[in-house]
Amino acid sequence: MSLLQVCDLTVRIGSTAIVDRVSFSIAERQTFALLGESGCGKSMTALALMRLLPAVAKVTGGAVELNQTDLLRLPEYAMRRVRGAQVGMVFQEPMVSLNPVMRVGQQIIEVLACHAVAPPAQQQAEAVRLLQAVGIPEAERRLAAYPFELSGGMKQRIMIAMALAGSPRLLVADEPTTALDVTLQKQVLNLLRQLQQQRGMGMLLITHDLGVVAEMADQVGVMYAGELVELASREALFARPQHPYTQALFAAQPRSDRRDQSLRALPGMVSRPLQGCRLAPRCPKVEALCLQAAPDLLEMAEGHSVRCHFAGPAVPIGSAATSVPPTAEETPLLQVQDLAVHFPIRSGLLQRVTGHVRAVDGVSLAIRRGRTLALVGESGCGKTTVGRAILQLLKASSGSVRFAGAELNGLDRRAMQPYRRAMQVIFQDPYSSLNPRMRVADILEEGMLALGVGKTAAERQAAGLRLLEQVGLPAEAAERYPHEFSGGQRQRIAIARALAVKPQIIICDEPTSALDVSVQAQILNLLRQLQQKQGLGYLFISHNLAVVGYLADEVAVMYLGRIVESGPVQQIMQSPAHPYTQLLLSAVPSMDGTGKHTGQLASGELPSPIHPPAGCHFHPRCPHAMDECAKTYPEATALPGEHIVRCHLCKAG
Amino acid sequence: MMAYLLRRLFYAVPILLGVNLLTFALFFMVNTPDDMARAHLGAKHVTADAIRQWKVERGYDKPLFFNNSEQGLGKLTDTVFYDKSVRMLVLDFGVSDDGRSIGAEIRQRAGPSLMIALPTFVVGLLVNITCALLLVFFRATWLDFWGAVACVALMSISSLFYIIAGQFFMSKLWHWFPISGFAFGVDGLRFLFLPVLIGVLYGIGSGVRWYRTLFLEEIAREYVRTARAKGLSERLVLFRHVLRNGLIPILTGVVVVIPTLFMGSLIMESFFGIPGLGSYTIDAINSQDFAVVRAMVFIGSVLYIVGLVLTDLSYVWADPRVRLQA
Amino acid sequence: MSIQPVIFPSDILLGVLLAGGLLLVWLARRHGYFLEPWLRVGQSATGMATATVLLLYLAVGVLDSLHYRPALPAENAAKTVEYSPEVMSVLDALLSPLKNGTEKTYSAPLAVHLYGKETMTRADGQQVRDYPPALYGGAQRPAIGSLLLRGLLLSLPVWLVLWGGWRLARRRRSPLRWDAALLTAGLLAWLGLSVYELAAHYHVLGTDKVGQDVLYQSMKSVRTGLLIGTLTTLVMLPFSLLMGAFAGYFKGWVDDLIQYIYTTLSSIPGVLLIAAAVLIMQSWMDQHPDWFATVAERADARLMALCFILGLTSWTSLARLIRGETMKLVELDYVAAATAFGVSHRRIILRHILPNLMHIVMISVVMDFSGLVLAEAVLSYVGVGVDPTMASWGNMINGARLEMAREPVVWWQLAAAFVFMFTLVLAANLFSDTVQTAFDPRTRQREAA
């Protein structure tokens, strides 16, 4: 007996079918994961079955049956009794999905009142029970809080409590952990799984993350360009993916055991050819038939359907060139010593400085030519600030940044100019990092002009074209504006812009975290290839341990403004010494598809850098905390092989 | 919280000083007392004696900033700047160019101004918010479309036409209200209806359009989608979620004008013969009475600054994010 | 040479403005991003229709800005040519029958006699009290119906040309809503030609107290309204842009200072600040009558001064908007990237900040326009508007409002001012709506949701 039955659901914006004849079903107590990259129509599917589509999108066909009732044919007033009561929904961004000026208690009680779950006298108590159920301590006090007083993870728990308030039979979770850090992701996923088991709900989980699927799903549907391309149980999908797109998703995952080769990424980007298979322009298996006839979703084995003319084992995409790490120099090119960036907090009548946000509080790093140093940490730990302070985009409070022996801190604008050539930067958001009002050619030329690279305009133009070729863009891109490019292409332009002044070090600030996994693989390959050719040194700032494991040579783990552990990548990934590093690693979902839930459960969240905990900053979250941890900040302990850790546990002896 | 408000008040001081200096510069340095006298005495060939006489009568004959002929503090206090500008800071406005106490006039005239401006403001605000919510409730229907068009049409009509047409049709032709006039007490109520009605009508176009935009902006936010996903009815979504959030930007725009209601409306009062501050100002402009205009400029700025502080307060009241973080 | 061209300062500024408009067109052709929002304006029927109306007003205003002094009839051939002290414009020349066809006093629209009865001596010497006939249009006037028919017939060729234009647009598959623009143009042509036919024999909108044709006055007022609406913005734009961008970019004490300046200025009630400034300007002008050779010159100087005063008192709100937007822009990564290249402040402001503020400037220019046209009327009523000798809607209303008490009512002057003003302001408001939708990324997002 299935709880939800979606049949040939079609949603259009204008004439484009953004969801095209999608069918699947969810049984009681089952988790169905809808997996796909951005723009594939997975969120629209979820909104369509709640009938909450934006005005431009219209359901043009199909049926959505919940317990034999077709939701698409219900009148609006009856649909309102389904929302919240029979189907609960959790959205991606807890920061903006709660009403900012309403106490969270009211927002929960609203559901209880609306669906007459509890009589008014008991609503308060019921709300407390719900908050306790989602693991919020001091539940009674929290009811009176406003959303802005709560941390991101707490807000998402509130969202879940709200979705559960009407005791729904089905929970729709639209990327519930995408906006959260990896440790919080783990907490929230565990919570969802546990609640689902307790309450016997069905769950529709929308995600782009294979790791989340591996942890959570019973059944998986893979979407590409609006169509469901593969439908299987999790075990079958992870063991034998049949569709070339699914196979490509697996192949594009960066992993530390793939670090000696380039990632296999599908070329190009999503398009919707007028006829034939939608994947045909990118598919490694493409044949004449694929270009003419669109395949149907056919059942290959028991419960395993694939939309492909040539479904079967994977063929390799392109050539996976093995990479030879360039020989590293011993002396670091860039040496950061005890760097601190404190932002003053002003308050009171006279706006006196009453405290400091210790965003960066004594960080030391060394970057060598031709090597990659990864700086890892949760959001808010100060890693981006380190990057900006090195580039002198922010003024450091103390410490030193030396490039090839020369001190950069305290240099004025003009004195800094010669060093600007040597260090460049790539940002996270490909949309805000390119000026929408400049042609690509002008964007590339800007740095050369400011730093005097290339003497004549013709010379600079020629250099621009060479750069575009280097990053894999056609020459005619030079005449176009950024908005004509996709996210991945924009990131290529940003890389070309950085390369234009022939830097020796590039600071990559989460360059792939806004990109889909297949595009991420393309960019990672490009970064690595450039490093090998030009001997670039990278400071790779990231929260994604899988990417770090794939790309980095050395790793520094940052917690609340300080480095807690650093060393060669193999040692850190395989034998982490600091409990925080262990926590981070254990929170990464395992991708084996067996559905084992191992690893310690991270607790708590990153504290505020205004009032860091006394002693070791990590001790309130640390499973091994001792008395000493609350008193003194641990000294650095050197472990074998340039492995340094700051933890009382690891002190010699 | 208190520190925050005190700081805002504290910021007002340099602004008031700035306004004071600016008006002094404008009225006494760009346009010298001699010019004033000449403009006032009218005839083209006035004698120097007449000018001096005029200036002495009004205290404009003293030096602007520094009086060398006086002793001690008198060097500073026996000047035009001290008499006309510094005194203003303690709300001592002196006399108008025709010799009457400005302070007394203001006290007398603030009441009538407020009797027109306050009802217009309150009724207008309620009507505008109601209409805007109505349009938003029926968004993307013909009602919303034509409502928005009507708003644009209404705001394209000059305020003068509202008054002239209102007086002509409702008073002269249909005899609903008296054409103009003013009286205190219950008896005076009949004089208030027409100006208030016209004031409200005049504000509808721009008001409704602005609030509608604010509400529409609010309704596109994600928390509204969450509210719908909970199964709330559209009415609840609108009143409990959208209205509450939409009121915050409305407050900032609206609270700032409340103190300036005292100033009255220039044209409204002159058309309807209301003895308020608006008609006082307009008379002063027409008779080129700079002393009165200067006083009104200063009062206007004081009230505006009070409005700014009130705006901050209302923010604190309406938005928990400000209340708890400031 | 029988005319002497005269160029008023306001004519120069209007020329600058038109040149600026042409520059925008040129920029739009060169930079795709500049053209794109305008294309969106063109794809809206409202946008195209209102743009047509606005262009018509602009044409009238420009014709009225080409000034000259006609030569006086030479007294004897040997002397040099003397020029009339009265400054004419091309519009005056085109409308000379209306300009010169004055009556003694009021007459209602399309009336054949004047407003008030007079005692007249008939040919037979008998004295009667009756409405005197209107002088204009002659004794033998064609009937109104036949004139309207002629107007309709005359507009037929225009419709044919417009229809051809529409076919052309269809064939070229133009994405713009030419149909709306051409239909509006057709209706305006029909209206214009009908009025043209009627105006040859009647005072279409009546005459005022001194017998001046009201239609002529209303058309002369177009230039005043346009100038107030555009020159003011032109004056304040550089202020707002630079002050706002500097405050938002440099922050710190620069920001504090600029914020202080604009909070202080905006804390003074706008009307009062304008009134004070205008009063002072007026008393200056009164003391220096020798500055201006002609009445028109004086009126023009006063108009210019009014634009400056309005501009200087109203730059604050735009500056505040620009400051806020600049602060957001400065935080964006592309500015950080430029800083990482060591690009100078000047270049960052010029290439990264200003181009990305253009949509705000565009929106505020079109939005302010209608407000300023309306403000002119109120200021003229208060007595601090344009020169009383200058044709303006405000002055028309001011002169006519007292006549509403007469019996029968003299309504036509007010009605004429109302119709002309309302059409312009409504068109401007609707146009600014489409511009706002096309330029503002936020509204576009909202429409999509």
Side-chain angles (χ1 to χ4, degrees), chain A residues 46-47 50-56 76-103 106-108 110-115 117 144-149 158-159 162-163 165-166 168 172 174 346-352 354, chain B residues 1-13 136-141 144-145 216-251 314-326:
Chain A
L47 290 173
M50 289 292 276
R51 299 215 341 223
L52 288 173
L53 285 172
V56 284
E76 179 62 23
Y77 71 88
M79 188 62 208
R80 282 206 292 270
R81 289 204 283 270
V82 173
R83 291 187 204 124
Q86 295 187 49
V87 189
M89 189 155 182
V90 178
F91 294 97
Q92 173 174 354
E93 294 272 356
M95 323 296 160
V96 294
S97 295
L98 291 169
N99 187 338
V101 298
M102 209 165 159
R103 295 178 196 279
Q106 282 172 287
Q107 300 193 43
I108 294 172
E110 197 173 43
V111 190
L112 301 175
C114 177
H115 299 293
V117 178
Y146 288 99
F148 71 90
E149 298 175 88
I158 302 272
M159 279 297 292
M162 252 162 52
V172 179
D174 185 1
R346 293 168 191 282
S347 63
L349 190 58
L350 296 174
Q351 291 291 285
R352 271 188 298 242
T354 51
Chain B
M1 246 295 294
M2 262 332 272
Y4 170 75
L5 285 175
L6 278 175
R7 201 170 72 240
R8 303 299 309 190
L9 275 175
F10 185 66
Y11 282 156
V13 175
V136 170
F137 190 79
F138 289 104
R139 66 189 172 282
T141 64
D144 178 38
F145 176 80
L216 283 180
E217 220 160 82
E218 232 21 78
I219 223 164
R221 295 197 198 276
E222 309 226 354
Y223 71 82
V224 175
R225 193 174 65 183
T226 311
R228 293 209 183 100
K230 291 183 198 171
L232 297 188
S233 67
E234 195 59 27
R235 195 173 48 84
L236 272 183
V237 168
L238 211 56
F239 280 97
R240 202 179 284 166
H241 292 267
V242 175
L243 180 61
R244 183 84 166 72
N245 280 282
L247 277 180
I248 295 173
I250 292 181
L251 266 183
S314 68
Y315 241 147
V316 171
W317 170 75
D319 193 335
R321 284 164 293 188
V322 180
R323 175 163 69 235
L324 299 169
Q325 278 174 339

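All chains are named by letter (A, B, ...) in the order of the sequence lines, taking the proteins before the strands, and each is independently numbered beginning at 1. The analysis underlying the following values was restricted to heavy atoms, covering all of them including side chains, and did not include hydrogens, waters or symmetry mates.
Annotation: maximal heavy-atom pairing with chain B below 4.5 Å, among A:Leu47, A:Asn99, A:Val82, occurs at A:Asn99. Ranked by heavy-atom pairs shorter than 4.5 Å toward chain A, the options B:Arg221, B:Glu234, B:Glu222 are led by B:Glu222. Of the residues considered (A:Arg51, A:Met162, A:Arg81), A:Met162 shows the highest number of contacts with chain B, using heavy-atom pairs under 4.5 Å. With chain A as the partner, the residue from B:Ala318, B:Ser233, B:Gly231 showing the most heavy-atom pairs under 4.5 Å is B:Gly231. Contact count versus chain B (heavy atoms, under 4.5 Å) is highest, among A:Pro168, A:Pro100, A:Ala163, A:Ala165, for A:Pro100. The candidate with the highest count of non-hydrogen atom pairs below 4.5 Å against chain B, out of A:Leu52, A:Val87, A:Val90, A:Val172, is A:Leu52.
Heavy atoms of A:Gln106 lying under 4.5 Å from chain B are absent altogether. In this structure, chain B has a heavy atom under 4.5 Å from the side chain of A:Met159, while its backbone stays farther away. For A:Glu76, no part sits under 4.5 Å from any heavy atom of chain B, backbone or side chain. Residue contact with chain A, scored on non-hydrogen atoms closer than 4.5 Å, involves the side chain of B:Ile248 exclusively.
Between the side chain of B:Arg225 and the backbone N or O of A:Ser97, no donor-acceptor pair lies under 3.5 Å. A donor-acceptor contact shorter than 3.5 Å links the side chain of A:His115 to the backbone of A:Arg83.
Considering all non-hydrogen atoms of both residues, B:Tyr223 and B:Val242 come closest at OH-CA, 4.4 Å. Closest approach of B:Asp144 to B:Arg139, counting heavy atoms only: OD2-CA, 3.6 Å. Residues B:Pro320 and A:Phe148 share a closest heavy-atom pair of O-CZ, 3.3 Å.
We find the NZ-CG distance between B:Lys230 and A:Leu112 to be 10.0 Å, quoted to the nearest 0.5 Å. Between the CD atom of A:Glu93 and the OG1 atom of B:Thr226 there is a distance of 11.0 Å, given to the nearest 0.5 Å.
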